[in-house]
Amino acid sequence: MGTILGKPFAGFFHQEEARIVLFGLGGTGKSSIMHKFKTGETLTTTMPTVGLNVESVKYKDSNLCFWEMGGQQCYMWFPLWKHWFQEIAGLVLVVDSTGRDQIEETKDFLNVVIDEIQGSVPDNAPVLVYGNKHEVPGAMSASEISNKLDLTSLRKKNWQRNWHVQSSCAFSGDGLHEGLDWLLKNAERM
Ligand SMILES: Nc1nc2c(ncn2[C@@H]2O[C@H](COP(=O)(O)OP(=O)(O)OP(=O)(O)O)[C@@H](O)[C@H]2O)c(=O)[nH]1
Ligand SMILES: [Mg+2]
């Protein structure tokens, strides 16, 4: 039996890696965040992800497998979402903190994802929100993102999950470890 999250983990005993799904609108920084975790380097040349982008990452004592759901034309893959989100240790929504004009669309997208994966994802799977591109002047704070996504009302809406909004920068790595540490700590409680 493999170990993930640094110890035997009953919920995913048949998996060798803990799967974490990253989702969000196109261009929010999902690939850049994954690359930073994988290599420690800044991703300098970016291309929109088509479909899925999968990366194995050793993080502290944990073997993780990041699954990025490409944000552009993602509805094309709608029939597969339920499968992608199965047997996950946690979810990561990546938001562009500079995109005030996109936050309503992000909220709608989040609600569509939630409705679609309801029942496929363990009720207590934690959800981390990266408020990425935080270093840009005028970027939204974590609490502004939380309010605008109306995360409190999602908690009431049969979505009894643990949420945490973490400001981040995929270039410097600022906030990335703090966010992932929170996610893994809460995944261990599942
Ligand atoms: N300023 C700033 N730009 C960033 C940051 N992270 C990513 N970017 C830039 O945002 C753009 C999109 O980054 P990607 O990592 O490709 O975004 P993505 O979410 O994977 O996009 P899709 O694959 O299309 O869904 C690129 O130009 C990145 O350099 C960040 O923390 N700060
Ligand atoms: Mg991408």
Side-chain angles (χ1 to χ4, degrees), residues 17-57 59 64-85 88-117 121 126-146 148-149 151 163-183:
E17 296 173 319
R19 188 192 306 170
I20 293 170
V21 175
L22 286 88
F23 65 109
L25 300 184
T28 53
K30 300 176 291 298
S31 296
S32 304
I33 289 172
M34 281 167 58
H35 186 82
K36 189 76 177 173
F37 274 121
K38 174 102 184 161
T39 67
E41 305 290 328
T42 300
L43 184 62
T44 47
T45 313
T46 55
M47 298 254 295
T49 302
V50 179
L52 262 189
N53 170 27
V54 178
E55 292 279 9
S56 293
V57 172
Y59 180 72
L64 307 178
C65 192
F66 287 126
W67 285 37
E68 177 198 359
M69 217 169 102
Q72 287 173 29
Q73 299 177 341
C74 62
Y75 287 102
M76 212 167 83
W77 309 93
F78 184 81
L80 296 177
W81 289 5
K82 271 191 178 139
H83 304 285
W84 290 349
F85 280 88
I88 56 169
L91 298 99
V92 179
L93 169 65
V94 181
V95 175
D96 181 342
S97 303
T98 69
R100 279 193 177 77
D101 53 341
Q102 286 187 329
I103 200 79
E104 204 53 37
E105 190 187 345
T106 305
K107 186 177 154 188
D108 293 344
F109 178 55
L110 176 60
N111 277 282
V112 174
V113 171
I114 285 172
D115 290 343
E116 184 55 19
I117 67 174
V121 174
V127 186
L128 168 68
V129 180
Y130 276 129
N132 198 39
K133 310 191 186 182
H134 181 66
E135 85 289 356
V136 177
M140 290 181 283
S141 66
S143 60
E144 184 175 352
I145 291 171
S146 176
K148 290 200 161 136
L149 293 179
L151 296 179
W163 292 91
H164 178 66
V165 185
Q166 172 68 55
S167 297
S168 67
C169 171
F171 294 164
S172 64
D174 192 30
L176 294 185
H177 287 215
E178 288 89 334
L180 190 58
D181 288 343
W182 175 88
L183 191 80

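Every number for a ligand or one of its atoms is a count from 1 in the order of the listing.
- Here the options are L110, V165, V129, the test is side chain to side chain contact (heavy atoms under 4.5 Å, CB included), and the partner is V95; only V129 passes.
- Distances under 2.8 Å from the Mg ion (ligand 2) pick out the protein N/O/S atoms S31 OG, T49 OG1, E68 OE2.
- For E116, the side chain to side chain contact (heavy atoms under 4.5 Å, CB included) test picks out F78, W81, K82, with sequence neighbours left out.
- By the 6.0 Å contact criterion, NE2 on H35 is enclosed, its count of non-hydrogen atoms from other residues, nucleotides or ligands being greater than 12.
- Applying the side-chain hydrogen bond (donor to acceptor under 3.5 Å, both in side chains) criterion to S141, with sequence neighbours excluded, gives S143.
- Distance alone, capped at 3.5 Å, places no donor-acceptor pair between the K36 side chain and the L43 backbone.
- Looking at S56, its side chain never comes within 3.5 Å of a backbone N or O of C65 through a donor-acceptor pair.
- Every protein residue with a heavy atom nearer than 4.0 Å to ligand 1 is included here: G26, G27, T28, G29, K30, S31, S32, T46, P48, T49, E68, G70, G71, Q72, N132, K133, E135, V136, C169, A170, F171.
- At least one donor-acceptor pair under 3.5 Å links the side chain of S97 to the backbone N or O of G131.
- Aromatic ring orientation, F37 versus Y130: tilted (interplanar angle from 30° to 60°).
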Test side-chain hydrogen bond (donor to acceptor under 3.5 Å, both in side chains) on T28 and N132 and set out the steps. CA-CA 7 Å; T28 53; N132 198 39; over 6 Å; no

